[in-house]
Amino acid sequence: MKKGDHLFLVDGSGFIFRAFHAIPALNRKSDGLPVNAVSGFCNMLWKLLRDARNTDVGVTPTHLAVIFDYSSTTFRKEIYPLYKANRSAPPEDLIPQFGLIRHATRAFNLPCIETEGFEADDIIATYARQAEAAGADVTVVSSDKDLMQLVTANVHMYDAMKDKQIGIPDVIEKWGVPPEKMIDLQAMTGDSTDNVPGIPGIGPKTAAQLLEEFGDLETLLARAGEIKQVKRRENILANAELARVSRQLVELRTDVPLDMDLDALVLEPQDGPKLIGFLKAMEFTTLTRRVAETCNCDAGTIEAAVVSVEWGDAARGPDLDASSTAAVDANPTTSNAAPASGAGAASGKTPADLARSRADGFAANPIDRSTYVTIRDLPTLELWVAAARETGLVAFDTETTSLDPMQAELVGVSLAIQDNVLSPGSTTIRAAYLPLAHKTGIGDLLGGGHAEGQIPMGEALDALRGLLEDPSVLKVAQNLKYDYLVMKRHGITLQAFDDTMLMSYVLDAGKGNHGMDGLSEKWLGHTPIAYKDVAGSGKSSVTFDLVDIDRATAYAAEDADVTLRLWLVLKPRLAAEGLTRIYERLERPLVPVLAHMEERGITVDRQILSRLSGELAQKAAAAEDEVYELAGERFNIGSPKQLGDILFGRMGLPGGSKTKTGQWSTSAQVLEDLAAEGAPLPRKIVDWRQLTKLKSTYTDALPGYVHPQTKRVHTGYSLASTTTGRLSSSEPNLQNIPVRTAEGRKIRTAFISTPGHKLLSADYSQIELRVLAHVADIPQLRQAFADGIDIHAMTASEMFGVPVEGMPSEVRRRAKAINFGIIYGISAFGLANQLSIERSEAGDYIKRYFERFPGIKDYMESTKTFAREHGYVETIFGRRAHYPEIKSSNPSMRAFNERAAINAPIQGSAADIIRRAMIQIEPALNATGLSERCRMLLQVHDELIFEVGDDAVDAAMPVIVDVMENAAMPAVSMRVPLKVDARAAHNWDEAH
DNA sequence: GTCCGACCGTA
DNA sequence: TTACGGTCGGACG
């Protein structure tokens, strides 16, 4: 065992008791054998082996052992005969499970360890210290406080039932003392369940306080006379010896003689058939199915193992499994130990292999639209629902009348399942379409009638509801947020889902888009029917309810079929590439959060917008006249081509830069430069541009997005359209509402709260610079943020030696531009452009910046190197952004990719932080009883906007600020504090 | 009707 | 110097 290895030590005995009491009674169907603790144990182990990365521990074990108590006779009885004397016999139903859990451990191919005369805790302590000394990390899978004394920077505990990792801060938070003082604390408080006496009248609070004051138990006992409280002093003095004995009882031994050394605990590949045999014997159908699927085994052909059940104490006797020991000896290698990520040893498959073989399998088993079924009656639908429940996995897709989920009316639903109900082990996929609201008679004056052969909508939805809302059946969809919203508007709230689009996004952000047709081409080599081939395009297109049901079946069922196939390929890739945690924690939970935000919308005051449109029209017309006056002729000011001809041709003004197509640029930058030379026309054109931009893009367009029923504006958020992990907003884009100019800000006054409410805006202060200070670990930046001082002024002061007091604004402005430039992967060319200075001067600035902050240069270089080596970069949470062209032979293309790769971890980490905040907000508001009166409406990259009842503003604001400021925890402990500013007002302008 | 470039609004 | 989406003009079919 060596540095980088990670040893998991499972407290088997502790887990048995905990699971037995926490998990409801469960009996084997065939004979009533109680198996609840066994079930809890197996599920926990499976989760740890398959995707520990995906739990709060966040890492995959390289070594793992399950430790049990051998017997109740231990050295502690010799020290204190009353130790554990008050233990009553275990419950009747628990007794047979002791032996079963040892069987389970062996079925998982794991070492099962116990040593005579010692408790499991002592063995765990011994292994933990040995592993730590070898430089490895350790996770003790237990929540027993008796083990907390083992926690160090390298040794953590893990509460599997709560999915909570326990580290040094958690111990301090719970007990008021650091782990190394737990022994003294327990010695003083005693333990009634183990009959450890302790000092009467001393509980954890008092003990912690005394340890804080005196340092440790011995010092306390020596100086007990100094204690002021009479009763407490006497108690301690009288029971000093009892405390010393207690200390011996609670202190864990780290010198237990061990039969298996650390290297023997290396994780072996799973033996799929062996494990399935045991699980079948226990009759755990769900877990059997999961294991079979992951191991690519056919559970149907594996016989249930014969598991003897011992009902007596013999079950707790020594029963080290010789075969598992031999297997360990035969394979002593510790490096690159295959993590038991569900890879079956028998099939020799890793998840990556599985993804590949499934893709290959589909190539040999192509999509066949002739097998698709149209569901036309309730019994047939119920058959499909039952089959989906049986397999626990169903792909589904909704067909509607609109791309806008807030307007869409449900027209039909398609389903796809793996057909291992009728033919077990088969990978055949069956797909069906359920038409619900198709019409006949296109062009009919009556608008067409309801088509024959459709189950009434209400009956069909009732039949589907149980399936779609069942948390034990996984629903798979492509771009699930759409279907989630459509179904929610039809009274069904989806539970338990996966989204193939988001899986692709997590795996391949930066490698093209994640639309279904593209993914189908890429992974299945199949081109699905194009929507326009079914519904037509342009003027001759029809809504889906007017599509013939047979044609609709081919199209819709194919979508579900393709979605299920994509899931089968992408799901194992997530595990293989270590991205399950990102997908499950940062991506998938955001789907309902965003769906709810989209559904809520925000009120926009049409009167205000209409008045602004009028004002802008007047001002623009006036500016237009002046432009014609100054130009001496009328032309289309909005045409850069015509404008360029006037300015640089006829009027002979000096052209600035050129566009990609060779035209003179007429950008605002160029026009500003000309205006600075004294030419009046360019200034007017800039004014005109601003006025018409505000009018056409905002004041004229926004009212068209007001929903006819809700009277609110419902933007759409895209989860999968940026490379970095940011969201994007469209129809309308509410992430680019003007704020920089006074004229533009007026538009924000039209975004208002409903009566009796306020809009609350909470935004991160300088989040990207804080992330930069964290990732590049820049002392001056960290200090400045810790002290809460002006970061740009500090930068200017460092670079130019100008005191912050009385600093000229121009100096600060330049430093600010440089700070942003750094985040964007600075170049002298870009900085010169931004600051309108010479490129050589910009180069000097950058050089000086790197001299003052050498860590920045290091960060940029190491990021580029990483990107070149891997083809991607990662955020602090592990999200990846791919840059496949970073090795391009085109120097400017390469440089562009390098800058983007430098920016992505910063922008992306900030995006991840606000995602985490958004996911946590709803539960936090719920916990404080605010969720009814405080609703999250919008996200603008570093800002969240809520609508809050007037009486709830004061309560909601600190909850929101707290969640946002701590959103990186506990996954990442930032070296820089995050700061959030919040305000509430009647409109967005005043709240921001 | 559809596509692309130029431009500009946001973080 | 990063990341987006919307509008317009203008070219193409």
Side-chain angles (χ1 to χ4, degrees), chain A residues 509-510 532 537-541 635-644 657-671 685-686 689-702 704-705 715-718 721-741 743-745 747-748 763-769 772 817-835 839 842 845-846 860 873 881 883 895-908 910-911 914 938-943 992:
Chain A
K532 66 173 177 3
S537 64
K539 224 177 158 182
S540 60
S541 69
F635 64 101
N636 190 340
I637 310 172
S639 163
K641 188 170 176 294
Q642 294 180 34
L643 180 59
S657 57
K658 55 316 166 212
T659 72
K660 219 164 42 178
T661 52
Q663 289 284 318
W664 286 115
S665 168
T666 66
S667 68
Q669 177 73 61
V670 169
L671 297 180
I685 293 165
V686 169
R689 283 233 183 107
Q690 195 204 10
L691 296 165
T692 53
K693 170 84 171 179
L694 294 176
K695 182 168 186 289
S696 66
T697 305
Y698 302 103
T699 60
D700 285 352
L702 279 171
Y705 288 104
T715 186
Y717 288 102
S718 170
S721 57
T722 71
T723 305
T724 54
R726 273 193 177 180
L727 304 178
S728 74
S729 156
S730 64
E731 294 180 76
N733 181 353
L734 295 187
Q735 290 180 324
N736 71 347
I737 302 302
V739 72
R740 288 179 190 177
T741 66
E743 195 73 40
R745 259 199 309 278
I747 292 164
R748 292 200 169 209
D763 68 295
Y764 284 105
S765 164
Q766 309 279 17
I767 188 168
E768 292 192 353
L769 276 175
L772 174 68
I818 296 167
N819 274 334
F820 278 99
I822 293 297
I823 290 171
Y824 298 152
I826 202 155
S827 76
F829 180 86
L831 184 62
N833 239 2
Q834 179 69 24
L835 288 175
R839 204 186 304 187
Y845 284 178
I846 294 167
M860 295 174 82
V873 290
Y883 293 93
F896 175 77
N897 275 275
E898 287 173 354
R899 289 194 299 272
I902 288 167
N903 173 255
I906 302 170
Q907 188 185 113
I914 198 166
L938 304 177
Q939 188 250 42
V940 191
H941 307 309
D942 66 358
E943 176 188 16
H992 184 73

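Numbered from 1 within each chain, the chains take letters A, B, ... in sequence-line order.
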Discussion item. Applying side chain to side chain contact (heavy atoms under 4.5 Å, CB included), can you list everything that pairs with Ala910(A), at least two apart in sequence or on another chain?
Written reply: Ile767(A), Glu768(A), Val771(A)
Discussion item. Base, sugar-phosphate or nothing for Thr723(A)? Non-hydrogen atoms, less than 4.0 Å.
Written reply: sugar-phosphate
Worksheet item: Just how far, in rounded Å, is P of dA6(B) from CG of Asn636(A)?
Response: 17 Å
Discussion item. Using a heavy-atom cut-off of 4.0 Å across all strands, would you classify Ala910(A) as base, sugar-phosphate, or nothing?
Written reply: nothing
Discussion item. Would you say Arg689(A) places a side-chain N or O within less than 4.0 Å of OP1 or OP2 belonging to dC8(B)?
Written reply: yes
Worksheet item: Taking only side-chain nitrogens and oxygens of Thr661(A), does any of them come within less than 4.0 Å of OP1 or OP2 of dA6(B)?
Response: yes
Worksheet, complete the sentence: Asn819(A) atom CG is separated from dA11(B) atom P, nearest whole Å, by 17 Å
Discussion item. Need two values: the first and the last nucleotide of DNA chain C, 5' to 3', having an atom under 4.0 Å from any heavy-atom of chain A.
Written reply: dT1(C) to dG10(C)
Practice prompt. In whole angstrom, give the distance that lies between atom NZ of Lys695(A) and atom C1' of dG9(B).
Written response: 17 Å
Worksheet item: Counting any heavy atom closer than 4.0 Å, what does Arg726(A) reach on the DNA or RNA strands: base, sugar-phosphate only, or nothing?
Response: base
Item to complete: Report which part of the nucleic acid Phe820(A) touches: base, sugar-phosphate, or nothing (heavy-atom distance under 4.0 Å, all strands).
Response: nothing
Worksheet item: Listed by chain and number, what are the side chain to side chain contact (heavy atoms under 4.5 Å, CB included) partners of Thr697(A), not counting sequence neighbours?
Response: Lys693(A)
Item to complete: Under 4.0 Å between any heavy atoms, over every strand shown, what does Tyr717(A) touch: base, sugar-phosphate, or nothing? Just pick one.
Response: nothing
Worksheet item: Which part of the nucleic acid, if any, lies within reach of Ala668(A) when heavy atoms closer than 4.0 Å are counted: base, sugar-phosphate only, or nothing?
Response: sugar-phosphate
Restricting to nitrogen or oxygen on both sides, can you table the protein-nucleotides 2-4 of chain B pairs closer than 3.5 Å?
none

Worksheet item: Whole-Å distance between dG9(B) C1' and Leu694(A) CG?
Response: 8 Å
Worksheet item: Given atom CD of Gln642(A) and atom C1' of dC7(B), what is their separation to the nearest angstrom?
Response: 16 Å
Practice prompt. Quick one: label Ile737(A) by what it contacts on the DNA or RNA (base, sugar-phosphate, nothing), any heavy atom closer than 4.0 Å.
Written response: sugar-phosphate
Item to complete: Give one of base, sugar-phosphate or nothing for Ser721(A), where a contact means two heavy atoms less than 4.0 Å apart.
Response: sugar-phosphate
Practice prompt. Quick one: which residue pairs count as a salt bridge (charged side-chain N to carboxylate O under 4.0 Å, His left out) with a foot in residues 823-835 of chain A, not counting sequence neighbours?
Written response: none
Worksheet item: By side-chain hydrogen bond (donor to acceptor under 3.5 Å, both in side chains), which residues pair with Thr741(A), not counting sequence neighbours?
Response: Gln690(A)
Worksheet entry | Length of the CD1-C1' vector between Ile906(A) and dA11(B), whole Å | 14 Å
Worksheet, complete the sentence: By side chain to side chain contact (heavy atoms under 4.5 Å, CB included), Val670(A) pairs with (sequence neighbours left out) Phe648(A), Ser657(A), Ser665(A), Ser667(A), Leu674(A)
Worksheet item: How would you list, by chain and number, every residue that makes a side-chain hydrogen bond (donor to acceptor under 3.5 Å, both in side chains) with Ser696(A), sequence neighbours excluded?
Response: none
Discussion item. Given dC8(B), dT10(B), dG9(B), identify the nucleotide with an atom nearest to the side chain of Ser667(A).
Written reply: dC8(B)
Worksheet item: Considering only heavy atoms, which members of residues 728-735 of chain A lie under 4.0 Å from some atom of DNA chain B?
Response: Gln735(A)
Worksheet item: Does a donor on one side chain and an acceptor on the other come within less than 3.5 Å for Ser721(A) and Ser728(A)?
Response: yes
Practice prompt. Using the test side-chain hydrogen bond (donor to acceptor under 3.5 Å, both in side chains), find all partners of Gln642(A) that sit at least two apart in sequence or belong to another chain.
Written response: none
Practice prompt. Specify the separation, in whole Å, of atom CG of Leu938(A) and atom C1' of dA11(B).
Written response: 14 Å
Worksheet entry | By side chain to side chain contact (heavy atoms under 4.5 Å, CB included) - contacts of Gln766(A) (at least two apart) | Leu769(A), Arg770(A), Phe785(A), Ile791(A), His792(A)
Discussion item. Under a 3.5 Å threshold, yes or no: a donor from one side chain and an acceptor from the other, between Arg726(A) and Ser718(A)?
Written reply: no
Item to complete: Under the side-chain hydrogen bond (donor to acceptor under 3.5 Å, both in side chains) rule, collect the residues that match up with Glu743(A), sequence neighbours excluded.
Response: Lys619(A)
Fill in: Student check: side-chain heavy atoms of Leu694(A) and Thr699(A) closer than 4.5 Å
no
Worksheet item: Using a cut-off of 4.0 Å on non-hydrogen atoms, how would the nucleic acid contact of Gly825(A) be classed: base, sugar-phosphate, or nothing?
Response: nothing
Worksheet item: Between His941(A) and Glu943(A), is any pair of side-chain heavy atoms under 4.5 Å apart?
Response: no
Worksheet item: Roughly, in whole Å, what's the span from CZ in Arg748(A) to C1' in dT10(B)?
Response: 8 Å
Worksheet item: According to a strict under-4.0 Å criterion, is Arg740(A) in side-chain N/O contact with OP1 or OP2 of dT10(B)?
Response: yes
